[in-house]
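The sequence lines fix the lettering, A, B, ..., with proteins before strands; numbering per chain opens at 1.
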Amino acid sequence: MDTFSLLSALVGGFLIGLSATVLYAGLGRYAGISGILGGLLSGEDIAIRGLFVIGLMTGAATVFYGAGLPPAIVAQSPIWLLVIAGFLVGFGTRLGSGCTSGHGVCGIARLSKRSLVATACFFSTALIVVFLMRHVLDG
Amino acid sequence: MSRYAVALVAGILFGAGLAVSGMMNPGKVISFLDLFDNWDPSLAFVMASAVSVFAVGNRLIRRRKHPFCDLAFLSPADTKVDFKLVIGGVIFGVGWGLSGLCPGPAIAVLVTGQTNLGIFFLALIGGMLAHRTIIRFTD
């Protein structure tokens, strides 16, 4: 899974798009994970949101462990950096009302101006951060 | 199909999609965001695929008066591009660039049982709660 596989990318993306379609067709909601988590924390529609999250972990685990030896998933950063990064992801997605699934997939599919702007913001920022981390600071 | 079944199925599809596409692996995401070293285009194809599917699905479903299992389609509360959207996107982008993890994969990788990823997730929740606290304080 570490080498590029066009088929995996397209099929995986298809499943994500299908997920969003099912959620929208059934419940009229957008599959924005930051919104789902945020709503859970606020105690709104806990059953629906909780089931989605449980489903997410189930689906991921099934594929991850189901296809033989699972690929190595490693987060390289030290713990303190993961804490900072995690906090920023949580805070930023709530402040910006969305993430890669909410804005990046659902919003762009609807040609939402807000989502196009938001996606441009977090993508360009992430690109710059990765460049700085990998090619400026670490050498 | 009951509301709960919709949520669960959508979740399973989403999690499976994350795993199949490799987006569950922060290293693969960073390899996309790092344009200058062993570039991995997977993320672009994942998003293109997901967006395409939901664009079609969204269009088709919108012809209905309401979702299959609910009373109405959800409309996002905010429609304007504003400061919060942009700043939120930037903050999220920093966290995403630092870790390669956004909310969906952050949940998915919990199934690998790695402590540092659990800590990342807790920090993410912390960030969301911090945002909620600030909102409550300033309203």
(message) Just so I know, are the side chains of B:Phe54 and A:Ile16 near enough to count as touching, which here means a heavy-atom distance under 4.5 Å?
(response) no
(message) Can you tell me how far apart CD1 (A:Ile33) and CG (B:Leu124) are? Round to the nearest 0.5 Å.
(response) 11.5 Å
(request) To the nearest 0.5 Å, tell me how far B:Ile30 CD1 sits from A:Arg134 CZ. (result) 6.5 Å
(message) Determine whether a donor-acceptor pair (N or O, by modelled atom type, separation under 3.5 Å) exists between the side chain of A:Ser19 and the backbone of B:Leu13.
(response) no
(message) In the structure I gave you, are the side-chain heavy atoms of A:Leu27 and B:Pro67 within less than 4.5 Å of one another anywhere?
(response) no
(request) Could you tell me the separation between the CG atom of B:Asn116 and the CG atom of A:Leu81, rounded to the nearest 0.5 Å? (result) 11.5 Å
(request) May I ask you to test the A:Val130-B:Phe32 pair for a side-chain heavy-atom distance under 4.5 Å? (result) no
(request) Measure distances from A:Ile79 to the heavy atoms of chain B and classify the residue's part below 4.5 Å as side chain, backbone, both or neither. (result) side chain
(message) I'd like to know if the side chain of B:Lys80 reaches the main chain of A:Arg114, judged simply by a donor and an acceptor atom lying under 3.5 Å from each other, with no hydrogens or angles considered.
(response) no
(request) Establish, yes or no, whether a centroid distance under 6.0 Å links the rings of A:Phe4 and B:Trp39. (result) no
(request) Please state whether the side chain, the backbone, both or neither of A:Ser34 comes within less than 4.5 Å of a heavy atom of chain B. (result) both
List the atom pairs, donor and acceptor, that lie under 3.5 Å between side-chain atoms in residues 38-53 of chain A and the rest of the protein, sequence neighbours left out.
{"residue": "A:Ser42", "atom": "OG", "partner": "A:Gly38", "partner atom": "O", "Å": "3.2"}
{"residue": "A:Asp45", "atom": "OD2", "partner": "A:Arg29", "partner atom": "NH1", "Å": "3.2"}
{"residue": "A:Asp45", "atom": "OD2", "partner": "A:Arg29", "partner atom": "NH2", "Å": "2.7"}
{"residue": "A:Arg49", "atom": "NH1", "partner": "A:Glu44", "partner atom": "O", "Å": "2.8"}

(request) Test side chain to side chain contact (heavy atoms under 4.5 Å, CB included) on A:Ser101 and B:Phe14 and set out the steps. (result) CA-CA 10 Å; A:Ser101 55; B:Phe14 200 99; 3.7 Å; yes
(message) Is A:Val89 close to chain B through its backbone or its side chain, or both, or neither, when contacts mean heavy atoms under 4.5 Å?
(response) both
(message) Donor-acceptor check, side chain of B:Gln114 to backbone of A:Ala75, threshold 3.5 angstrom: yes or no?
(response) no
(message) Between B:Phe120 and A:Ser77, is there a side-chain heavy-atom distance shorter than 4.5 Å?
(response) no
(request) Check each atom of A:Leu7 against the heavy atoms of chain B and say whether the ones under 4.5 Å are side chain, backbone, both or neither. (result) neither
(message) Assess the residue pair B:Val111 and A:Tyr65 against the criterion (side chain to side chain contact (heavy atoms under 4.5 Å, CB included)); give the C-alpha distance rounded to whole Å, side-chain angles, the decisive distance to 0.1 Å, and a yes or no.
(response) CA-CA 9 Å; B:Val111 308; A:Tyr65 290 111; 4.3 Å; yes
(request) Verify the distance criterion only: is there a donor paired with an acceptor across the side chains of A:His135 and B:Asp34 at less than 3.5 Å? (result) yes
(message) If I measure from the heavy atoms of chain B, does A:Val83 come under 4.5 Å with its side chain, its backbone, both, or neither?
(response) both
(request) To the nearest 0.5 angstrom, please state how far the OG1 atom of B:Thr115 sits from the CG atom of A:Leu82. (result) 11.5 Å
(request) Decide yes or no for A:Phe123 and B:Met47: does some side-chain heavy atom of the first lie under 4.5 Å from some side-chain heavy atom of the second? (result) yes
(request) Check each atom of A:Phe131 against the heavy atoms of chain B and say whether the ones under 4.5 Å are side chain, backbone, both or neither. (result) side chain
(message) How long is the straight-line distance from CG of B:Leu98 back to CG of A:Leu132, given to the nearest 0.5 Å?
(response) 10.0 Å
